[in-house]
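In what follows, every chain begins at residue 1, and chains take the letters A, B, ... in the order their sequences are listed.
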Amino acid sequence: GAGVSQSPRYKVAKRGQDVALRCDPISGHVSLFWYQQALGQGPEFLTYFQNEAQLDKSGLPSDRFFAERPEGSVSTLKIQRTQQEDSAVYLCASSPRDRGYQPQHFGDGTRLSIL
Amino acid sequence: AQSVTQPDIHITVSEGASLELRCNYSYGATPYLFWYVQSPGQGLQLLLKYFSGDTLVQGIKGFEAEFKRSQSSFNLRKPSVHWSDAAEYFCAVGSTDSWGKLQFGAGTQVVVTP
């Protein structure tokens, strides 16, 4: 399909392990967002990319969280030394423009469980 | 501080009855407003959006929402719900002074009974 694709859909890791979550945005979309959705909550903003530039990372909870989008398309969210409070669904969204408002298209998310 | 409030955590409605979901926001800049729906295990699907202009906006699946600036509200409505409308609904707000990041409410879970 032509939507936002996230992988893996489910990830189980032991506390202390590093994990990497992948997002394939819609082709040609300039803007890419990561959100964290805890159980029973709304999504919370983590970080924003405009092409390959990370313009806002104010929502990253700690320096254990790192995101990149080196070629301006696929993005990876990495969490180092995972902790139980990192358990959540991680959503990626993309939109076609870099200014003005365009609705964001969301992927189905990666459900991360830290044991 | 900026905030988005969905006062109803859970709503139960009979199939065929009308539905209204409340959303209130507090934003310093001109807000852009959205309603998204999320089915279990799925991502968020956009129902409708308000950027400017007519304050009554129509969306997909028969939903509509009305922007009331004086009340800082953007309530979602549907005249007659279907069993397939059972899901979680999120109100989201963005502003002109951000890169487009959205602030979401906590969501309203809608249960549809026969």
Name the region of L46(B), side chain, backbone, both or neither, that has any atom closer than 4.5 Å to a heavy atom of chain A. side chain

Any chance you could lay out the side-chain contact (heavy atoms from CB on, under 4.5 Å) test for Y10(A) and R111(A), step after step, and finish with the verdict? CA-CA 5 Å; Y10(A) 304 92; R111(A) 182 175 296 276; 3.9 Å; yes

What part of Q37(A) gets closer than 4.5 Å to chain B, counting heavy atoms only: side chain, backbone, both or neither? side chain

Pick one of side chain, backbone, both or neither for Q38(B), based on which atoms fall under 4.5 Å of a heavy atom in chain A. side chain

Please state whether the side chain, the backbone, both or neither of S58(A) comes within less than 4.5 Å of a heavy atom of chain B. side chain

Among T5(B), D8(B), N75(B), the one residue meeting side chain to side chain donor-acceptor pair (under 3.5 Å) with R22(B): D8(B)

Distance to the ring centre below 6.0 angstrom and angle to the axis at most 45 degrees; does that hold for K78(B) and F63(B)? yes

Under the salt bridge (charged side-chain N to carboxylate O under 4.0 Å, His left out) test against D86(A), which residue among R64(A), K14(A), R15(A), K78(A) passes? R64(A)

